[in-house]
Student: 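Quick one: the structure is below, questions incoming.
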Amino acid sequence: QVQLVESGGGLVQAGGSLRLSCTASGDTFSRYAMGWFRQAPGKEREFVAAINWRQGNSARGDSLEDRFTISRDVARNTMYLQINNLKPGDTGTYFCAADPDGFGPWVESEDAFDYWGQGTQVTVSS
């Protein structure tokens with residue numbers, strides 16, 4: 001069974017940086033797409049970024065700036081989300097997700113992902 005465990009969230013001052021991690025287990029992920037979503041209080045879940053596990057190409061949400069960088073370490077089965085110059089609007093719960101159907105334009109939809117982590121909280125103070 002696929003399991004995803006996020007870590008790296010916390011309380012950060014505006015302007016700071018965080019690197020979130022998502023460690024995956026329970027399958028061979030070479031054909032997967034892996035993604036990050038976030039949910040702010042009172043808002044819908046929002047696509048942040050996704051990555052093609054085998055090839056490493058990625059996509060980022062249209063409304064997001066290049067402050068967000070997704071990457072992965074295949075040997076460690078771990079995906080990362082680097083967030084720089086954090087803003088109070090980045091506050092929310094960040095979820096990682098796995099899509100066994102691979103990488104394509106559909107990865108911007110949370111419906112494409114079959115497996116989800118529990119989330120890690122990011123709070124940015126002004």
Side-chain angles (χ1 to χ4, degrees):
Q1 184 175 356
V2 173
Q3 291 189 323
L4 305 173
V5 179
E6 303 99 333
S7 61
L11 174 62
V12 184
Q13 286 191 332
S17 297
L18 280 176
R19 188 177 77 159
L20 308 183
S21 300
C22 172
T23 300
S25 62
D27 201 351
T28 303
F29 296 98
S30 60
R31 296 182 182 273
Y32 278 59
M34 306 287 281
W36 287 99
F37 289 77
R38 68 180 183 180
Q39 189 166 22
K43 295 188 177 181
E44 294 185 351
R45 196 173 292 185
E46 174 188 24
F47 171 69
V48 176
I51 192 164
N52 183 329
W53 195 255
R54 177 158 54 186
Q55 297 181 356
N57 53 304
S58 63
R60 185 173 59 226
D62 289 339
S63 64
L64 298 178
E65 305 164 41
D66 58 5
R67 300 184 294 111
F68 295 81
T69 303
I70 190 171
S71 62
R72 90 275 190 248
D73 184 331
V74 174
R76 297 178 184 269
N77 266 7
T78 299
M79 175 177 65
Y80 304 99
L81 182 69
Q82 178 72 36
I83 315 173
N84 296 325
N85 190 21
L86 279 154
K87 302 179 179 181
D90 295 324
T91 293
T93 303
Y94 285 70
F95 299 90
C96 72
D99 172 14
D101 294 327
F103 186 86
W106 54 86
V107 297
E108 297 192 11
S109 169
E110 61 179 297
D111 294 336
F113 292 84
D114 292 346
Y115 306 102
W116 291 83
Q118 293 298 309
T120 185
Q121 178 67 34
V122 172
T123 303
V124 184
S125 63
S126 58

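Keep in mind that the numbers below use all heavy atoms, side chains included, and drop hydrogens, waters and symmetry copies. Starting from 1, each residue takes its place in the sequence as its number.
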Student: Give me each pair satisfying ring-ring contact (aromatic ring centres under 6.0 Å, His included) with a member in residues 100-120, each pair once, sequence neighbours excluded.
Tutor: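 Qualifying pairs, neighbours excluded: F37-F113, F37-W116.
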Student: For residues 80-126, pull every pair meeting disulfide bond (SG atoms under 2.5 Å apart), keeping only residues two or more places apart or in separate chains.
Tutor: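 Non-adjacent pairs meeting disulfide bond (SG atoms under 2.5 Å apart): C22-C96.
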Student: Run T123 and T91 through side chain to side chain donor-acceptor pair (under 3.5 Å) and show every step you take.
Tutor: CA-CA 5 Å; T123 303; T91 293; 5.3 Å; no
Student: Using a 3.5 Å distance criterion without hydrogens, assess whether the side chain of Q118 forms a donor-acceptor pair with backbone atoms of E6.
Tutor: no
Student: Do you reckon F95 sits in the same ILVMFWY cluster as F29, going by side-chain contacts under 4.5 Å, direct or chained?
Tutor: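 No.
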Student: Of the non-hydrogen atoms in L4 and A24, which two are nearest, and what is the gap between them?
Tutor: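 Result for this residue pair: CD2-CB, 3.6 Å.
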Student: Going only through I, L, V, M, F, W and Y residues with side-chain contacts under 4.5 Å, is there a path from L81 to V124?
Tutor: yes
Student: So which atom in A33 and which in V107 form the shortest heavy-atom distance, rounded to 0.1 Å?
Tutor: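 Residues A33 and V107, closest heavy atoms: CB-CG1, 3.8 Å.
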Student: Run the side-chain donor-acceptor check on residues 53-61: report pairs under 3.5 Å with partners two or more places apart or on a different chain.
Tutor:
unit_1: N57; atom_1: OD1; unit_2: N52; atom_2: ND2; d: 3.3
unit_1: R60; atom_1: NE; unit_2: E65; atom_2: O; d: 3.4
unit_1: R60; atom_1: NH1; unit_2: F68; atom_2: O; d: 3.3

Student: If hydrophobic clusters are built by linking Ile, Leu, Val, Met, Phe, Trp and Tyr wherever their side-chain heavy atoms come under 4.5 Å apart, do V122 and L64 end up in the same one?
Tutor: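 Result: yes, single cluster for both.
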Student: Sub-3.5 Å donor-acceptor pair from the side chain of T28 to the main-chain atoms of S30, do we have one?
Tutor: no
Student: Can you confirm whether M79 sits close enough to I70 that some side-chain heavy atom of one is under 4.5 Å from a side-chain heavy atom of the other?
Tutor: yes
Student: Identify the heavy atoms of R67 and L86 that sit nearest to each other, and give their distance.
Tutor: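 Residues R67 and L86, closest heavy atoms: NH1-CA, 3.9 Å.
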